[in-house]
Amino acid sequence: MAEPDVGGFAQFLNYGGLGLLAILCLVVLGYNAWSLNGLVVKAEPSRIKAARPLLLAQMALSLVGLLAVGGAGIYLDQIRADDRKERMAQILLDPAWDSGLDEGSRPAIKVGGKGSAERLIQVICTPEKPTVVEVNFERYIAHRIAVSKQAEDVLLPISALSAGN
Amino acid sequence: MRRIRALLIALAAAQLAAVPVHGQSATVDKARAARLAGRLDTAEQLLKGAMRSEPNQVQLFYNMGLVYEARAQAAPAGKTRQAHYRTAAGWLERAFGALGKARASADAFRIQAALGTVYLGLEDFPRARLNLLRALSGEKLLSRSERGQLLASLGYLYALQGDTKGARGYFERAAALGNGFARENLRRLNAAGLR
């Protein structure tokens, strides 16, 4: 599955950036926990009192960082899922893609967002008079995506097909 | 008599070898041979060297596209492969643009077939489908192996669209033309029980 079409920082996150940030948060968290423990075991009560707020704040921040990393992962997964749905929807509407119409005249495909659980695809045709057709392909698309993933796991990749003569 | 016969055969073979394929020049032919032998850098250098002097720009751009497609196939999966596929698409689109009005020629269908396969590599399924189906309309103008590759690419596209019945149909046709990729994928579909 191709990477989702997102900009700059999100691309960084997608290409292993999330993993790096997660590791960084864990390192900070671990260090602070170790420092706090060290302080409690070895240091005087006055030192513990002085250092504790800072260490606790750093631990809290690294926990927040971990949550943010988890949230970003969920967000990117959602983009991938929407991207896949949109591509499958485009492919299902065959006549538009074979019609030879230029890009500006082809029907526009939009995948439904929030509040559109029933309306998965909205097709807006523009040649003469605007027409809006709402179709619910949700289950059928889910089935096609499932079969597509199985096929992708099983088949030789297209790169195994020799380049032309 | 045998010697005369052998001499005549050798002469005929030498003449055939000298005839350019698909109306190509000798440079493009050499580049093609280098690409098929896996010497992609040599092929690219030959083609770039001919860019200014070669009158048949379509064949230059087309073969350059095939060089980059071969590079993509040799590269490990990831950003490098995608970059090579994008470059290949660029050259093939230029080749198609250079055709001018000859959009119903064998060259046009050949380029569209190659474009379709490259777009499959880029997972741009709508463009892959558009090009492959257009190439299919001119399949009779293509060679046997070219038709086999085109049908195999279509089979792969349909499989990735979740239409295994359609995929089988194209894989079977490609396998009948001797395409090993299609034959192997048909076997894998059967083994996985995907109907």
Side-chain angles (χ1 to χ4, degrees), chain A residues 1-5 11-12 14-17 80 83-103 105-109 111 121 123 137-165, chain B residues 21-22 32 35-36 62-63 65-75 77 79 81-82 85 88 110 113-114 117-118 120-130 133-134 143 145-146 149 152-153 155-164 167 179-182 184-185 188-189 191-192 194:
Chain A
M1 178 68 192
E3 297 307 329
D5 185 18
Q11 283 278 16
F12 162 70
N14 208 42
Y15 283 115
R80 282 194 197 100
D83 191 49
R84 193 151 201 159
K85 254 196 254 179
E86 189 157 326
R87 285 178 186 207
M88 197 59 79
Q90 284 176 329
I91 286 161
L92 284 173
L93 293 166
D94 295 345
W97 292 101
D98 291 345
S99 66
L101 288 172
D102 59 44
E103 279 210 40
S105 306
R106 285 189 202 134
I109 314 293
V111 176
I121 302 168
V123 179
F137 268 127
E138 190 165 358
R139 281 190 193 175
Y140 181 59
I141 285 186
H143 163 73
R144 289 280 287 251
I145 288 175
V147 172
S148 151
K149 280 182 181 169
Q150 278 182 288
E152 199 173 3
D153 288 339
V154 151
L155 295 179
L156 285 175
I158 194 63
S159 54
L161 181 66
S162 302
N165 295 319
Chain B
V21 177
H22 309 149
R32 175 177 168 270
R35 174 175 53 79
L36 291 173
Y62 170 64
N63 278 276
L66 294 183
V67 166
Y68 275 92
E69 187 188 5
R71 283 192 198 283
Q73 287 166 350
K79 284 201 276 187
R81 179 182 281 179
Q82 296 297 302
Y85 270 133
R110 196 169 286 124
T117 308
V118 163
L120 271 181
L122 287 168
E123 297 191 10
D124 185 341
F125 298 136
R127 281 202 174 92
R129 185 185 181 90
L130 184 70
L133 289 179
R134 282 180 175 168
S143 69
S145 66
E146 285 169 341
Q149 285 187 321
S153 296
Y156 188 79
L157 172 67
Y158 273 71
L160 289 196
Q161 289 176 191
D163 180 359
T164 46
N179 188 278
F181 175 85
E184 174 60 20
N185 277 331
R188 288 178 181 220
L189 283 179
L194 288 170

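The shown structure was predicted, so the numbers you read here are calculated from the model rather than taken from an experiment. Chain letters run A, B, ... following the sequence lines, proteins first, then strands; residues in each count from 1.
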For [X] and [Y], which heavy atoms make the closest approach, and how far apart are they?
{"X": "A:Leu156", "Y": "B:Tyr156", "answer": "O-CE1, 3.1 Å"}
{"X": "A:Leu155", "Y": "B:Arg188", "answer": "C-NH1, 3.9 Å"}
{"X": "B:Gln161", "Y": "A:Arg144", "answer": "O-NE, 2.7 Å"}
{"X": "A:Val154", "Y": "B:Ala192", "answer": "CG2-CB, 3.7 Å"}

Toward chain A, the part of [X] with a non-hydrogen atom under 4.5 Å:
{"X": "B:Ala159", "value": "both"}
{"X": "B:Asp163", "value": "both"}
{"X": "B:Leu120", "value": "both"}

Do any N or O atoms from the side chain of A:Ser148 and from the backbone of B:Leu160 form a donor-acceptor pair under 3.5 angstrom?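 Yes, the answer is positive, given that a donor and an acceptor are paired below the 3.5 Å cut-off.
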With sequence neighbours excluded, residues passing salt bridge (charged side-chain N to carboxylate O under 4.0 Å, His left out) with B:Arg81: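 Here no residue qualifies.
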Atom CD1 in A:Ile158, atom CG in B:Leu122: separation rounded to 0.5 Å?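 Result: 11.5 Å between the selected atoms.
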B:Tyr85: what forms a side-chain hydrogen bond (donor to acceptor under 3.5 Å, both in side chains) with it, not counting sequence neighbours?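 B:Tyr85: no side-chain hydrogen bond (donor to acceptor under 3.5 Å, both in side chains) contacts found.
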